[in-house]
Amino acid sequence: MTEVRTRFAPSPTGFMHLGGVRTALYNYLYARKMGGKFILRIEDTDQERLVPGATQVIYDTLRDCGMDWDEGPDKGGEYGPYIQSDRKDLYLPYAEELIRSGHAYYCFCTKEELAERKAAAEARGEVFKYDKHCLHLSKEEVERKLKAGVPYVIRQNTPTEGETSYKDMVFGEISMPNDTLDDMVLIKQDGMPTYNFANVIDDHLMGITHIMRGMEYLSSTPKYNLLYEAFGWEIPKYVHLPTVMRDKEHKLSKRDGDAYYSDFISKGYLKEALINYLALVGWNPGDDREMFTMDELVQAFDISGLSKSPGIFDVEKLTWFNAQYIRQLPFEKYLSLATPWFEKAFEGMDRQMDFRRLAELMQGRTEVFNRIPEMVAFLKDMPAYELDLYFNKKMKTAPETAADALCMVKPVLEALGPWTEAEIHDRVMDAIQEKGLKNGAVLWPLRIAISGLANTPGGAFEIAYLLGREETLARLDRAIARLQDAYGKGNVQ
RNA sequence: GCCUCCAUUGUCUAGUGGCCUAGGACACCGCCCUCUCAAGGCGGAAACAUGGGUUCGAAUCCCAUUGGAGGUGCCA
């Protein structure tokens, strides 16, 4: 059996689209699973859309994700070069061979003429398909124009009758009536091959055995197969992938601003989570497993698990995966990843903050790193809050009675020796026991008084510790004053 | 318009003629735990697009309808 060779062939646009990452991933997984080779090829035949530095983004992203390629522009390999613009001169002879065998022809129609004919066809309510106008030029006419240096393109000469079909490993049998096949351009006026042509030539020359790509190529594949046949080349296996959608109607598009790999990384999504989730949009292992490392994906991946229908990219589920991965992070790793976000949150604060302790509290609650600043902001500045927050039915607390609880705690905290979490916890609990109160009746108001929030990461003890003695007591004083102001002095104490 | 493809809960999906009173996961809701939240545990609501066939039997096969996607570029 011949070695499996897959390829990822992006065009360098400057960003890595998540759909592209997934395509690369499946190619990578299949090659590794089969013990084959994964090839990276850059498709930059469109000279008008060149973006400087764009290939670097592709390298960086793939490497960052752990998808190492065996052959590629920067790595070499026996089928190079791996950048199509570097292969420019190699395509024309193949096109000329096709012309000799009658499978292609020179076309001298200008873009303007084409546009005119297209408009005319549309005016008549017809679809425009290239009319093979130049196919009927006499040999002499063609020679003359070529000699005269009239600009030309080379078009594929597709059959007008019958149908062409092929078998796709995901979609099964696909057949297209030949009369719907357009005589597509193979070589452009600037001498560059089109994607359509370069793809076929390169995939063959590079010995690609399995072509895994987006399903937008499903209906142009018959034209590629006609080319393979014209050359007498073996047709590779096709694996067309369902589209990744933003919602039911729309593709995940570059316009959305959140379709790029880098967008998610900078928001604080872990690449492991992104890869894990992406693998599952359009593929499933056949059992209920969901958590996969890259190596596990390699083991589990199989083309039979690929689905046919488009899948919607669900950020909620990605976020769940992300939270899972964050929780599993070794603590030191979490701390180092969270620290920049902590620093951002506490910028300009004069108090010290125990990042380690904060990180311990936050690791299990972090879904995406960019949500950290908002979650910990209350530690920097006391938020404004409504006294209603002191209401809690279960804790049996209310604004009217909150001051009593706070006044009970205050001297305990003031008398505290070392300001450690354990000390705070033990002394306050002792006092609660002594008074025969319920924990919540004291701790709820205390937490509200020093955080101003209904929900906080950590409880009263943790927050008090993080705030430090001075800030805690200051917040406590202010809370007591405000409550007494509203409801009068309590009579406990 | 024409061509191709697709169609199970809100979402990702399992399901390849009887194992399906349709399974798992996210999200949602409730309960437990608990000083809040989160995590965790338990439970709940939620789907075979519609209509015809085929068959003893259909989510599964066939046809039509509807809906959706893709293609129809000297873009890839």
Side-chain angles (χ1 to χ4, degrees), chain A residues 9-11 13 43-46 48-49 107 109-111 114 118 122 125-129 151-155 168 171-172 174-177 179-182 184-190 192-196 198-199 213-222 240 242-243 245 247-251 277 280-290 305 307-321 323 327 361-367 375 389 392 394-395 397 428-429 432 438-448 451 453-463:
Chain A
S11 66
T13 60
E43 311 224 326
D44 60 346
T45 52
D46 188 354
E48 289 173 22
R49 290 217 264 179
C107 172
C109 296
T110 63
K111 287 187 186 182
L114 255 20
K118 183 172 183 175
E122 274 164 9
E126 293 168 15
V127 237
F128 181 71
K129 195 187 125 188
Y152 66 88
V153 300
I154 295 175
R155 286 184 184 272
D168 181 89
F171 290 91
I174 309 285
S175 335
M176 292 280 287
D179 63 0
T180 63
L181 267 28
D182 202 6
M184 63 183 184
V185 170
L186 267 20
I187 300 287
K188 304 187 239 188
Q189 215 175 80
D190 65 2
M192 275 288 193
T194 57
Y195 160 84
N196 300 304
N199 227 257
R213 52 150 67 135
M215 59 164 282
E216 59 267 28
Y217 300 105
L218 206 53
S219 51
S220 41
T221 298
H240 284 98
T243 317
M245 309 287 285
D247 57 44
K248 229 168 168 40
E249 282 94 35
H250 307 277
K251 266 171 102 161
Y277 174 64
L280 262 14
V281 181
W283 173 81
N284 80 85
D287 56 34
D288 290 340
R289 290 188 63 200
E290 290 205 295
S307 58
K308 297 178 180 178
S309 26
I312 297 173
F313 184 86
D314 182 5
V315 185
E316 296 274 8
K317 183 128 189 186
L318 198 218
T319 301
W320 176 79
F321 272 107
R327 244 175 264 142
L361 294 171
M362 290 296 292
Q363 182 164 8
R365 294 170 232 253
T366 307
E367 293 187 299
M375 291 171 77
L389 269 189
N392 187 304
K394 245 176 77 187
M395 304 305 150
T397 67
V428 171
M429 287 306 263
I432 290 172
K438 285 201 56 165
N439 294 347
V442 175
L443 298 175
W444 175 274
L446 175 58
R447 194 179 59 82
I448 298 300
S451 73
L453 295 174
N455 305 324
T456 51
F461 302 130
E462 291 89 347
I463 294 168

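We use all heavy atoms of the structure for the numbers below, so side chains are in, but hydrogens, waters and symmetry mates are not. It should be emphasised that the depicted structure is a prediction, and the values quoted were computed from it without experimental measurement. The chains referred to below are lettered A, B, ... by the order of the sequence lines, with proteins before strands, and numbering in each begins at 1.
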Looking at [X], I'd like to know whether one of its side-chain N or O atoms comes within less than 4.0 Å of OP1 or OP2 on [N].
| X | N | result |
| --- | --- | --- |
| A/Asn439 | B/C35 | yes |
| A/Lys308 | B/C6 | yes |
| A/Thr180 | B/C2 | no |

I need the [atom1]-[atom2] distance between [X] and [N], as an integer number of Å.
| X | N | atom1 | atom2 | value |
| --- | --- | --- | --- | --- |
| A/Trp283 | B/G15 | CH2 | P | 12 Å |
| A/Arg289 | B/G24 | CZ | P | 18 Å |
| A/Asp247 | B/C12 | CG | C1' | 15 Å |
| A/Phe313 | B/U11 | CZ | C1' | 12 Å |
| A/Leu280 | B/C26 | CG | P | 12 Å |
| A/Leu318 | B/A27 | CG | C1' | 14 Å |
| A/Asp288 | B/C12 | CG | P | 17 Å |
| A/Ile174 | B/C3 | CD1 | C1' | 12 Å |

Tell me which nucleotide, if any, is Watson-Crick or G-U wobble paired with [N] when both distances must be under 3.5 Å.
| N | value |
| --- | --- |
| B/A25 | B/U11 |
| B/A69 | B/U4 |
| B/U60 | none |
| B/G30 | B/C42 |

Judged by nearest nucleotide, the residue sitting upstream toward the 5' end of RNA chain B, A/Gly440 or A/Glu290, is A/Glu290
Judged by each residue's nearest nucleotide on RNA chain B, which is more toward the 5′ side, A/Lys317 or A/Val281? A/Val281
Under 4.0 Å, counting only non-hydrogen atoms across every strand here, what does [X] touch: a base, just sugar-phosphate, or nothing?
| X | value |
| --- | --- |
| A/Ser451 | nothing |
| A/Phe461 | base |
| A/Ser175 | sugar-phosphate |

Note, [X] side chain near [Y] side chain (heavy atom, < 4.5 Å):
| X | Y | value |
| --- | --- | --- |
| A/Tyr195 | A/Asp46 | no |
| A/Thr180 | A/Lys129 | no |
| A/Phe321 | A/Leu280 | yes |
| A/Ile174 | A/His240 | no |
| A/Thr13 | A/Arg49 | no |

Expressed as a whole number of Å, how far does the [atom1] atom of [N] sit from that of [M]?
| N | M | atom1 | value |
| --- | --- | --- | --- |
| B/G15 | B/G68 | C1' | 22 Å |
| B/C20 | B/C48 | C1' | 10 Å |
| B/U65 | B/U72 | C1' | 25 Å |
| B/A14 | B/U36 | P | 41 Å |
| B/A22 | B/A47 | C1' | 9 Å |
| B/G18 | B/U60 | P | 12 Å |
| B/A59 | B/U16 | P | 13 Å |
| B/G52 | B/A46 | P | 25 Å |

All salt bridge (charged side-chain N to carboxylate O under 4.0 Å, His left out) counterparts of A/Asp168, not counting sequence neighbours: none
Restricting to salt bridge (charged side-chain N to carboxylate O under 4.0 Å, His left out), what partner residues turn up for A/Arg289, sequence neighbours left out? A/Glu296
Taking 4.0 angstrom as the limit, do A/Asp314 and A/Lys317 come out as a salt bridge? no
Identify, with sequence neighbours excluded, every residue that meets ring pair (Phe, Tyr, Trp, His ring centres under 6.0 Å) alongside A/Phe171. none
Any donor-acceptor pair under 3.5 Å linking the side chain of A/Arg327 with the backbone of A/Thr366? no
Could you encode protein contacts along nucleotides 36-47 of chain B as a string, one character per nucleotide from 5' to 3', using B for base contact, S for sugar-phosphate-only contact and - for no contact, with a heavy-atom cut-off of under 4.0 Å? BBSSS-------
How would you summarise protein contacts on nucleotides 68-76 of chain B per nucleotide, using B for base, S for sugar-phosphate only and - for none, with heavy-atom distances below 4.0 Å? SSBS-SBBB
Residues forming a side chain to side chain donor-acceptor pair (under 3.5 Å) with A/Lys188, sequence neighbours excluded: none
Checking side-chain polar atoms at under 3.5 Å, does A/Arg447 have a donor or acceptor matched by the opposite partner on A/Thr456? yes
